[in-house]
Amino acid sequence: MAKVLFLLLSGKETPERTNMALMTIARQIKAKRYEDTKVLIFGPSEEYVSNLTGEAKESFDEIVRSGALDSACVFVAKKYDVELKLQSMNVPLLPFGERLAHYINNGYEVVTF
């Protein structure tokens, strides 16, 4: 089985796409379709995720509960002023480049939304 890293990059500029991505990721995790699944949040998605409601919030919460969410970028969180909000949602804040390199160097297939 493959190890998969989902990169969530989209945000409020494409809300339908971002919500569908969250739903898809949550369903992939729940179905245990991969050996291991991890999620990184970067860029506009950090601001978007910090304001989720409804089904998108439920999908995101499922991702967090599963332990698949690795982190959001600490530098982007500060830029968008969502650092405290993300931390209150149990989103670890780490340097994106380091986390991305970690997963690529460990053989994860990267899927970007």
Hey, is CG on D81 packed in by over 12 heavy atoms from elsewhere, all under 6.0 Å?
no
Any side-chain heavy-atom pair from F96 and F75 closer than 4.5 angstrom?
no
Do L94 and V74 have side chains that approach each other closer than 4.5 Å (heavy atoms only, starting at C-beta)?
no
Can you confirm whether F60 sits close enough to V91 that some side-chain heavy atom of one is under 4.5 Å from a side-chain heavy atom of the other?
yes
Tell me whether Q87 at atom CD has more than 12 heavy atoms from other residues, nucleotides or ligands lying less than 6.0 Å away.
yes
Flag yes if more than 12 heavy atoms outside E16 fall under 6.0 Å of its CD atom; otherwise flag no.
no
NZ (K57) and CG (L22) are apart, to the nearest 0.5 Å, by 11.0 Å
Over all atoms of both residues, closest heavy-atom pair of S71 and R99
OG-CG, 3.6 Å
State plainly whether one hydrophobic cluster holds both V4 and M20, where clusters connect Ile, Leu, Val, Met, Phe, Trp and Tyr through side-chain heavy atoms under 4.5 angstrom apart.
no
Atom CD in E58, atom CD in E62: separation rounded to 0.5 Å?
9.0 Å
On a heavy-atom basis, which atom in S59 and which in A26 lie closest, and how many Å separate them?
O-CB, 3.8 Å
Give the cluster check for M23 versus V49: same hydrophobic cluster or not, with ILVMFWY residues linked at side-chain heavy-atom distances below 4.5 Å.
no
Do the side chain of E83 and the main chain of K78 share a donor and acceptor less than 3.5 angstrom apart?
no
Cluster check L84, V76: I/L/V/M/F/W/Y, side chain < 4.5 angstrom:
no
Is K3 reaching over with its side chain to a backbone N or O of N106, donor-acceptor style, under 3.5 angstrom?
yes
salt_bridge(D70, K38) N-O dist < 4.0 Å
no
Pairs touching residues 18-35 that satisfy side-chain hydrogen bond (donor to acceptor under 3.5 Å, both in side chains), sequence neighbours left out
S10-T18, N19-Y48, Q28-Y34
Are I25 and V111 packed together at the side-chain level, in the sense that at least one heavy-atom pair is separated by less than 4.5 angstrom?
no
Side chains of L8 and L40: does their closest heavy-atom pair fall under 4.5 Å?
no
Once rounded to the nearest 0.5 Å, what's the spacing between atom CG of L69 and atom CE of M89?
9.5 Å
Sub-3.5 Å donor-acceptor pair from the side chain of N51 to the main-chain atoms of E47, do we have one?
yes
In terms of relative ring orientation, are Y103 and Y108 parallel, tilted or perpendicular, with 30° and 60° separating the classes?
perpendicular
In terms of heavy-atom contacts, S66 and I63 come closest through OG-O, 2.7 Å
So Y80 and S50, do their side chains get closer than 4.5 Å, heavy atoms only?
no
Mind listing the closest non-hydrogen atom pair of L9 and P44 along with its distance?
O-CD, 3.4 Å
Do any N or O atoms from the side chain of S45 and from the backbone of I41 form a donor-acceptor pair under 3.5 angstrom?
no
